[in-house]
Amino acid sequence: MAVAAAVLVGAAGAGVASAAPGDPTDTVMSANPVAGTPCSVTAKACVELATHTAWLLSEGRIVRGPVSFADGDVAAPTPRGTYKVEWKAQHWVSREYGTPMPNSVFFAPGGISFHEGRQDTPSAGCVKLTAADAQAWFGYLQVGDQVQVR
């Protein structure tokens, strides 16, 4: 089993899903959406699974994005819903798969996070970003920030 390493920030907290993980009913536009995204002004990170597009948001405006990402597949889909950043780890290694997950920002149950990863393979439910985007998400998002996955 791989060992987690380096920088851990924050503490575990509960994410709140607005629909069951993987529930396609959570695809409607949010009330009071940020222009150009499917997410509301309360989100700090917005993920649109249908277009494989993500954004960082601040007070109703886009501060980074749109960027593309790789997500889960049919066997391990990325869960839809509204969550909060639970914790961060700059140098994390997956305990389940033994693979590096640099710049991880954990936000949903089951170890779902934003992290750096290959863009040509699906994840195990995570949102895999390029190296530069994963660094930006890690630097910007803080424990408690809202993440909306649509």
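The figures that follow rest on heavy atoms only: side chains count, while hydrogens, waters and symmetry mates do not.
For Glu48 (side chain) and Pro38 (main-chain N/O), no donor-acceptor pair under 3.5 Å exists by modelled atom type. Here the side chain of Thr99 pairs no donor or acceptor atom with the backbone of Tyr97 at under 3.5 angstrom. Remark: side-chain polar atoms of Ser40 are not paired, donor with acceptor, to backbone N or O of Pro33 under 3.5 angstrom. A donor-acceptor pair under 3.5 Å is formed between the side chain of Thr78 and the backbone N or O of Gly125. When atom types are taken as modelled, the side chain of Arg64 and the backbone of Trp55 share no donor-acceptor pair closer than 3.5 angstrom.
Taking each heavy atom of Ser68 and Gln119 in turn, the nearest pair found is O-OE1, 3.9 Å. In this structure, Arg150 and Cys39 approach most closely via the heavy-atom pair CG-SG, 4.1 Å. When every heavy atom of Phe106 is checked against every heavy atom of Ala89, the shortest pair comes out as CE1-CB, 4.4 Å. Of all heavy-atom pairs spanning Pro79 and Ala108, the tightest one is CG-CB, 4.2 Å. When every heavy atom of Trp92 is checked against every heavy atom of Ser104, the shortest pair comes out as CB-OG, 3.9 Å. Residues Ser94 and Met101 approach most closely at CB-SD, 3.6 Å, considering heavy atoms.
Side chains of Leu57 and Thr37 form a contact here, defined as non-hydrogen atoms less than 4.5 Å apart. Using a 4.5 Å heavy-atom cutoff, the side chains of Ile112 and Tyr83 are not in contact. Residues Asp71 and His52 have side chains in contact (heavy-atom distance under 4.5 Å, counting atoms from C-beta outward). Val127 places none of its side-chain heavy atoms less than 4.5 Å from the side chain of Trp137.
In this structure, CD on Gln135 lies 8.5 Å from CD on Gln90, to the nearest 0.5 angstrom. Atom OG1 in Thr130 sits 7.5 Å away from atom CD in Glu116 (nearest 0.5 Å). Separation of atoms CZ (Phe114) and SG (Cys126) is listed at 10.0 Å; rounding is to 0.5 Å. One distance of note links OH of Tyr140 with CG of Asp133; it measures 14.5 Å at 0.5 Å rounding. Taken to the nearest 0.5 Å, the CG atom of Leu49 stands 5.0 Å off from the CZ atom of Phe69. Once rounded to the nearest 0.5 Å, the distance linking OG of Ser58 with NZ of Lys44 reads 4.5 Å.
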